[in-house]
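Below, read A as the first sequence line, B as the second, and so on, with proteins coming before strands; counting in each chain starts at 1. Just so you know, these numbers use all the heavy atoms, side chains as well, and skip hydrogens, waters and symmetry mates.
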2 protein chains.
Amino acid sequence: MSLRFAIITSLLEREATGLELTRRFDRSFGYFWPASHQQIYRELRSLLDAGLIEEKGDPARPGRGQPRVVGVTEEGVASLRRWIGELDEPRPERSSLAVRIRAAAATGELGGVEDAVRRHLAAHTATLETYREIERRDFADRLLDAEGELHHLVLRSGLANEQAWIGWCEDALELLQRLRRSE
Amino acid sequence: MSLRFAIITSLLEREATGLELTRRFDRSFGYFWPASHQQIYRELRSLLDAGLIEEKGDPARPGRGQPRVVGVTEEGVASLRRWIGELDEPRPERSSLAVRIRAAAATGELGGVEDAVRRHLAAHTATLETYREIERRDFADRLLDAEGELHHLVLRSGLANEQAWIGWCEDALELLQRLRRSE
DNA sequence: CTTGCCATGTAACGCGTTACATGATTCT
DNA sequence: AGAATCATGTAACGCGTTACATGGCAAG
C-alpha cells in the first residue's frame, strides 16, 4: 500500500506528469521508497480509477506520447490522512550477503564472499556520501520549519541505515581476511 | 534467487522435511531471510525439478500428509558454490514509516504518526532482545571455529540493524513530540 | 530524415502474502 | 468419534522487475 500513498504525497507536494514522478522516485522520494516508471504508471491508472487523483490541464490532449499532469482529489487527500495513522509492522529484513556468508560457512568456500561484501560496502559508501551531500545542502544548521525538520528526520533514517551497513561490512571483511589467512 | 540458495544451505547443514525447513525459516534462518511454508514448498518443487535436491528415505511414501525428507544433490552443492561468489547490489531500502512522515509533513496531520513509530520501536526492541539472547546463549565469549565466527557475524548484522532502527525511532518520537507541543 | 530524447504505456515473470484444501496420526 | 497436530499442498493476488512497444517532437 505504501507506494500508493507515496505517490499521493508526492503529488500533493506538487502535481506532476508520470515521468516527473518517476524522476522524483529516482532521487529524493526514491531514497526511502523507490519505484520504476512501470510501477508508477500502473499505480496512477489504479489511483485514477479509484478517484483519488485526477487529470489536470487540457483534457483535449489524449493518447500516447503526450504528457498528462495529474493532481490529488479531495478524496485522495482524505484517504491519505486516514492512512497516515494506520499501524503496520516493520518489513522483514532480507540480506543476500548474510545468506552468502551462511552458505560459505556451510561449504567452506570462503573465497568468493569477500568480493560480494566489498561490492555492497562500495554501494553503501556511495549512498551515504549522497545523503551527506543532501544534508549539507538542504539541512546545514539553519532554522527549519516543521516540514523541513520532518524531511531531515527521514534523511537521517537513510544515514543511520547506511552507516550501520558500512560498519558491518568492514567488520565482515576483517573477519573474512582473518579466516583466510589462518587457513 | 536468494531463497533458493538459503534453502540449499539449510538442507546442506542438515536434511529436512518441508515443515522442519519452515520452522528454521521462522527462527534462525528466518532472521536474515524469512519465508513462509507456501514459498518453501513452491521452491522445493522447483529445486526437485532442477535436480538440485532429491528425496531421501523410503520412496514408497508418496502423497499428501506424509513427511518427505529432502537433501542436496552434488549438483545442488556445485550450484551453491557457484552462487556464493556472484555479485549483486544491496536491496533498495523501503520504509513505510518514512512515507508516513513525509505524508504527515505534507498534510500537517502529525497526530497519528507517533503511534506508528511507537509500534515499530516496540517491534525492533523485541527483535533486538531476541538477538541478544541468542548472542548470550550461542556466542558468549568462548572460542569459536570458523563456522561459529561466521554465524556470529550474520547475527551481528541483525543486531546492528535493529540498533540503528531503535536509535532512529527514539529520535523520531522526540521530534514529533516537540513539534506537537509547539503547535 | 534519422537520431535522440520526452513521454506513456503493455506483457510477462518472480517472489512474497493471504486464504484455503487435503490427508495422516495421535490423544481424549 | 472428535479434536488437535503434523504435514503437504493449491489458488489467487499484490507488488517489484525485466523487456519491449508506441508515439511526439526537436536538433543536426
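With respect to A/Trp168, the side-chain contact (heavy atoms from CB on, under 4.5 Å) criterion is satisfied by exactly one of B/Asn161, B/Leu153, B/Leu159: B/Leu153.
Looking at A/Arg94, its side chain does come within 3.5 Å of a backbone N or O of B/Pro34 through a donor-acceptor pair. A side-chain donor-acceptor contact under 3.5 Å links A/Thr73 to the backbone of A/Leu52.
With no hydrogens or angles considered, a side-chain donor-acceptor pair links A/Arg24 and A/Ser10 at under 3.5 Å.
Taking CD of B/Glu43 as the reference point, atom CZ of B/Phe5 lies at 9.0 Å (rounded to 0.5 Å). Taking CH2 from A/Trp33 and CD1 from A/Ile7, the interatomic distance works out to 11.5 Å, rounded to the nearest 0.5 Å. For the atom pair A/Thr125 OG1 and A/Gln163 CD, the distance stands at 11.0 Å (nearest 0.5 Å).
Helical stems of DNA chain C (runs of at least 3 Watson-Crick or G-U pairs, donor-acceptor distances under 3.5 Å) are listed by first residue: C:1-28 with D:1-28.
Contacts between residues 32-52 of chain A and DNA chain C, defined by a heavy-atom separation under 4.0 Å, are made by A/His37, A/Gln38, A/Tyr41, A/Arg42. Only A/Thr17, A/Gly18, listed by number, bring a heavy atom of residues 10-18 of chain A to less than 4.0 angstrom from any atom of DNA chain C.
Under the 4.5 Å side-chain criterion, counting only non-hydrogen atoms from C-beta, B/Asp88 is in contact with A/Arg100. Between A/Val99 and B/Trp83, some side-chain heavy-atom pair lies under the 4.5 Å cut-off.
Atoms CE (B/Met1) and P (D/dT18) sit 13 Å apart, rounded to a whole Å. Note: CG (A/Asp26) to P (C/dA7) measures 14 Å, nearest angstrom. Atom pair B/Leu19:CG and C/dT25:P shows a separation of 15 Å (rounding to whole Å applied). Rounded to a whole Å, the CZ atom of B/Arg4 is 8 Å from the P atom of C/dC15. The distance from atom CZ of B/Arg68 to atom P of C/dG23 is 16 Å, rounded to the nearest whole Å. Rounded to a whole Å, the CZ atom of A/Phe25 is 14 Å from the P atom of D/dC15. If you take CD of B/Glu20 and P of D/dA7, they are 7 Å apart, rounded to a whole angstrom.
Annotation: A/Arg136, atom CZ; neighbour count of heavy atoms from other residues, nucleotides and ligands within 6.0 Å is above 12. Heavy atoms from other residues, nucleotides or ligands lying under 6.0 Å from CD of A/Glu174 number 12 at most.
Listed pair A/Arg23 / C/dA7 meets the phosphate criterion, a side-chain N or O lying under 4.0 Å from OP1 or OP2. Phosphate proximity of C/dG16 to A/Arg94: present, with a side-chain N or O under 4.0 Å from OP1 or OP2.
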